[in-house]
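See structure below.
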Amino acid sequence: MSMLSPYRVLDLTTERGLLCGQMLGDMGADVIKVEPPGGCAARSIGPFYKDAPHPDRSLYWWAYNRNKRAVTLDIERDRGRELLRMLVERADFFIESYNPGYLAERGLAFTDLATINPALIYVSITPFGQDGPKAAYADSDLIIMAAAGPLILAGDADRPPVRLGVPQAYLHASADAAVAALAAHHERMRSGLGQHVDVAAQQSVAMATQSYILAAPLGSPEVRRMSGGIKFGPLDIPLIWPASDGYVAMTFLFGTALGVFTARLMHFLCEQGFCDEATRDKDWIAYGEQLFSGAEPLAEFERVKEIVRTFTRSHTKNELLELAVERGFLITPVADIAEVVESSQFASRGYFQNVAHPELDESFRYPGPFAKFGATPIEYRRRPPLVGEHNSEIYRGELGLSEREFAGLSRAGII
Amino acid sequence: MSNELALSDVKICDFMWVMAGPASTRILADYGATVVRIESPTRIDTARTLQPYLDNKLGPDSSGLFANCNAGKFGISLDLGNPAARAVVLDLVRWADVVTESFSPKAMRAWGFDYESLSKVKPGLIMLSSCLMGQSGPLAKIAGFGNMAAAIAGFHNLTGWPDRAPAGPFGAYTDYVSPRFTAMAILAALDHRRRTGQGQYIDQSQAECAIHFLGPAILDYTINGRIGGRIGNSDAALAPHGVYPAAGDDQWVAIVCRDDDDWRRLCTAMKNDELARDSRYASAAGRLAHRDAIDSSIAAWSRAHERETIEALLQSHGVPAHQVQSSTDAYRDPQLKHRGHFVALDHPTLGKFTVEGPRAKLSRTPASVRRSAPSLGQDNQHVLENILGYDEERISELVASGALG
């Protein structure tokens with residue numbers, strides 16, 4: 001038995017909310033993706049299998065629709081909405097990510113569906129939330145990253161702020177939505193009642209500022225972007241360092257907690273002849289304050305960083321990783337996607353999973369279960385569904401439509 | 001109608017520290033869970049040392065990051081190396097539904113607080129361990145923070161400019177992603193236990209969670225063999241798609257055209273007939289091919305206008321645009337204000353302490369932030385007396401033992 005196997009989720013999300021249903025599906029829920037006839041627009045987002053656009057071969061779609069079944073249904077038409085309401089009667093969760101008001105105009109608001117199914121948990125994922133001065137704003141990943149705070153913090157100082165190269169905003173929102181849905185579900189087990197969950201991507205993405213979004217209300221200075229690090233007042237703090245064959249991420253910081261690691265690293269550097277004992281023996285706990293107060297000149301910090309850079313540059317990424325494991329340094333390689341997928345760490349945990357795609361007579365490696373559950377391991381039961389793949393199974397098999405009704409709906413383009 | 005907080009009956013004994021772990025139990029506390037966090041009196045929680053600080057002053061309770069991750073929780077200080085602390089921990093485990101920890105693997109085992117031991121004390125226990133790389137594998141014991149997990153999970157190499165070294169992303173990225181998976185895993189495991197009585201141990205790797213946020217790029221490699229690189233702010237299918245300069249020093253606005261209609265509306269808003277008429281730019285493919293020229297035209301226009309003006313103008317034409325917001329901007333942002341994103345809490349010694357509010361709105365049982373993050377040992381008396389039911393004598397003995405620090 002899997003954790004959420006008794007529950008059914010209707011997933012009406014657009015490209016904004018696909019991960020939410022997948023997270024519930026991974027944990028065992030019966031997720032039905034409800035798409036417009038012809039398929040969800042997200043199926044046209046690349047990359048594609050062998051780079052050939054096809055609604056059943058979008059890798060963006062594949063990444064976020066595993067463990068779901070799929071039906072088509074035209075909510076623009078009465079008969080389609082009737083079918084949807086039949087599905088709602090038997091559903092525990094309803095997830096959607098249309099612009100605020102869109103479903104309400106079609107008689108499918110939370111309040112409408114709650115009259116059919118008072119226990120329904122209705123989850124809305126939108127750019128800015130259901131209401132407020134920017135609720136109707138046109139949006140995209142980059143827009144949310146700009147509005148929520150992480151964008152300004154990343155990038156080279158002499159170029160515009162830069163986003164993560166793979167869209168992130170709606171993943172943050174979808175993940176928050178999945179948590180909120182389960183919190184509401186937990187409450188439903190006591191009250192028997194559903195409710196509306198309203199998630200705004202802007203608020204979810206603010207999580208990616210590492211609480212720096214609080215700088216202004218706390219009366220703390222803003223930090224400024226710097227390639228591979230942070231510009232903090234007069235200090236350039238690198239977090240990415242050069243290796244002989246690429247880059248590594250290294251936490252080279254100070255203070256009671258982090259200075260200990262820096263001291264450990266500097267001892268090793270001294271041992272290896274990269275610096276003298278006086279440099280090794282600086283007070284790495286108090287070093288940050290010394291820099292801010294001017295007791296330690298910035299030029300000296302630059303010299304120290306050059307010493308550390310000389311060390312990192314003299315080793316490969318893997319050598320630095322091995323040193324980190326052996327000696328407790330805070331270093332990991334900046335891995336490209338191939339290095340991630342071929343990593344011995346992930347292999348040893350059996351992370352990447354083969355998922356069979358019988359329609360192509362192939363199987364492909366997917367990112368594996370997000371955690372190892374001792375009693376109820378996550379299973380990849382279903383590859384991402386084809387357009388309308390489960391129409392017959394669900395409309396005929398579960399809703400009990402006759403062959404004639406089913407054929408009529410197909411002919412009319414409702415399913 | 002019931003309006004108790006959604007998780008008002010959930011009890012969590014929380015050993016997590018720094019960022020990723022505490023951020024997950026913060027979510028559960030917002031929804032009403034009672035979270036008792038155990039903090040070492042000798043080994044300071046790294047989060048307490050991290051910026052930004054209240055009034056820009058370092059102090060034991062002044063970290064905004066710590067305050068943000070731990071609001072709504074109770075705090076007890078316990079020296080886990082002290083034998084007298086053991087009985088307290090075991091009583092907390094008996095009280096709790098869920099035990100969470102985010103030390104490096106083996107630490108809990110060394111104290112005798114591994115799942116096998118604790119589930120004997122509390123049958124049906126749910127326990128979740130979260131660490132950078134998971135409990136097993138050659139890198140299981142690597143010490144570190146979310147920036148390092150993000151690098152090894154592929155995020156850094158994909159963030160920045162194609163002609164430059166990796167730029168980011170900002171900070172400990174996997175610490176932003178994994179807390180949601182942590183909270184979800186706990187809630188799903190609770191549901192399973194409610195139905196079956198069965199508890200379980202959950203081994204969560206923060207890197208493995210975060211990789212789901214790179215799903216399409218991973219599949220592009222495993223299926224098409226393509227190793228994605230840095231692409232600045234561009235998009236494979238859309239143009240224009242970028243961050244453009246606005247009037248003033250280091251002021252920026254993000255602008256995106258999702259389709260040809262957006263492009264026409266952008267040209268109208270910029271009052272640029274020449275761009276609008278240029279047939280090379282009528283389709284996304286054409287605009288992608290001439291991305292640099294289009295970006296220059298937009299930048300020449302945007303540089304002459306305030307970023308708020310650009311945002312308002314383009315949005316009034318239905319074109320996705322937003323000023324690139326700093327903390328100061330976000331604190332003034334009318335939408336975040338409307339959503340109640342910033343919550344000023346009363347702090348027992350520091351006056352008002354602002355944290356972020358809950359990130360999702362539940363219509364009937366809304367989440368709330370009920371108290372500021374605890375100082376070290378702030379709730380020792382409350383936890384020992386009211387939660388564990390210890391009498392004064394027992395509490396005095398504990399104090400005398402030094403187990404509370």
Side-chain angles (χ1 to χ4, degrees), chain A residues 3 27 47 59-60 63 132-134 138 140 142-143 146-147 152-155 160 164-166 171 175-176 179-180 182-183 187 191 195-196 198-199 203 207-208 210-211 214-220 227 249 255 257 330 332 334 336-338 340 345 348-349 364-365 367 370-372 374-375, chain B residues 2 6 31 46 49 52 54-56 64-65 68 137 139 144 148 151-152 154 156-159 167-171 176 180-181 183 187-188 192 200-201 203-204 209 211 213 215-217 219-223 227 231 243 254 256 320 322 324 327-328 331 334-335 338 354 359-361 363-364:
Chain A
M3 288 174 287
M27 290 187 302
L59 306 189
Y60 180 84
K134 296 186 178 178
S140 79
L142 185 63
I143 300 307
I152 203 166
L153 297 170
L164 226 152
V166 176
L171 304 175
D176 273 337
V179 178
L182 287 190
E187 194 276 343
S191 69
Q195 56 183 319
H196 187 198
D198 164 14
V199 176
Q203 288 188 276
M207 180 86 171
Q210 200 172 297
S211 298
L214 297 174
L218 295 181
S220 195
S227 180
L330 300 176
T332 55
V334 170
D336 69 26
I337 289 292
V340 173
Q345 169 66 21
S348 79
R349 286 171 59 80
F364 307 111
R365 274 186 296 172
F370 68 82
K372 293 186 182 299
Chain B
S2 159
Y31 290 126
T46 308
T49 71
L54 181 65
D55 299 326
N56 199 28
L65 188 147
N68 206 23
L139 300 182
M148 295 160 54
I152 205 167
H156 288 51
N157 195 53
L158 294 168
T159 309
F170 178 73
Y176 322 144
R180 285 70 174 252
F181 289 91
L187 291 174
H192 177 76
Q200 60 184 310
Y201 177 68
D203 160 13
Q204 179 194 15
C209 286
I211 286 172
F213 276 34
L219 295 180
D220 202 19
Y221 171 71
T222 60
I223 293 168
I227 301 170
I231 54 169
V243 175
V256 167
H322 206 286
V324 179
S327 167
T328 306
Y331 194 43
Q335 185 65 23
H338 176 84
T354 298
R359 289 174 211 277
K361 294 193 179 302
S363 58
R364 191 165 46 74

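Counting heavy-atom pairs closer than 4.5 Å to chain B, the top residue among S140(A), P217(A), A183(A), A180(A) is P217(A). Contact tally against chain B (heavy-atom pairs below 4.5 Å) for V334(A), L214(A), V199(A): the top residue is L214(A). Considering only heavy-atom pairs separated by less than 4.5 Å from chain B, the leading option among G155(A), P47(A), G255(A) is P47(A). Most heavy-atom pairs under 4.5 Å with chain A: of the set D203(B), D55(B), T222(B), this distinction falls to D203(B). Interface summary for chain A: among Q335(B), K361(B), H338(B), the most heavy-atom pairs under 4.5 angstrom belong to Q335(B). Interface summary for chain B: among A257(A), G165(A), A138(A), the most heavy-atom pairs under 4.5 angstrom belong to A138(A). Taking chain B as the reference chain and counting heavy-atom pairs below 4.5 Å, the highest number among A249(A), A154(A), A215(A) is found for A215(A). No other option in L158(B), L54(B), T46(B), N157(B) has as many heavy-atom pairs under 4.5 Å with chain A as N157(B). Of the listed residues R349(A), M3(A), H196(A), the one with more heavy-atom pairs under 4.5 angstrom with chain B than any other is R349(A).
For Y331(B), the ring-ring contact (aromatic ring centres under 6.0 Å, His included) partners at least two apart in sequence or on another chain are F342(B). Residues forming a side-chain hydrogen bond (donor to acceptor under 3.5 Å, both in side chains) with Q200(B) (at least two apart in sequence, or on another chain): T376(A).
Of all heavy-atom pairs between A254(B) and A146(A), the closest is CB-CB, 3.8 Å. The minimum heavy-atom distance between G171(B) and Q210(A), with the atom names listed, is CA-OE1, 3.1 Å. Counting all heavy atoms, side chain and backbone alike, I211(B) lies closest to P367(A) at CG2-CB, 4.0 Å. The two residues L330(A) and G144(B) have their closest heavy-atom pair at CD2-CA, 3.7 Å. Closest heavy-atom contact between S211(A) and P52(B): O-CG, 3.5 Å. H322(B) and I143(A) make their closest contact through CB-CG2, 3.7 Å (heavy atoms, listed as atom of the first residue, atom of the second, distance).
Side-chain atoms of T328(B) do not come within 3.5 Å of backbone N or O of A216(A) as any donor-acceptor pair. Between the side chain of R180(B) and the main chain of D176(A), no donor-acceptor pair closer than 3.5 Å is present.
Contacts between F213(B) and chain A at a heavy-atom distance below 4.5 Å involve backbone atoms as well as side-chain atoms. Only the side chain of T49(B) comes within contact range of chain A, with heavy atoms under 4.5 Å apart. Using a 4.5 Å cut-off between heavy atoms, S220(A) contacts chain B through both its backbone and its side chain. Both the backbone and the side chain of M207(A) come within contact range of chain B, judged by heavy atoms closer than 4.5 Å.
Here the CG atom belonging to L153(A) is positioned 4.5 Å from the CZ atom belonging to F170(B), to the nearest 0.5 angstrom. Within the model, atoms NE2 of H156(B) and CG of L164(A) stand 9.0 Å from one another, a figure rounded to the nearest 0.5 Å.
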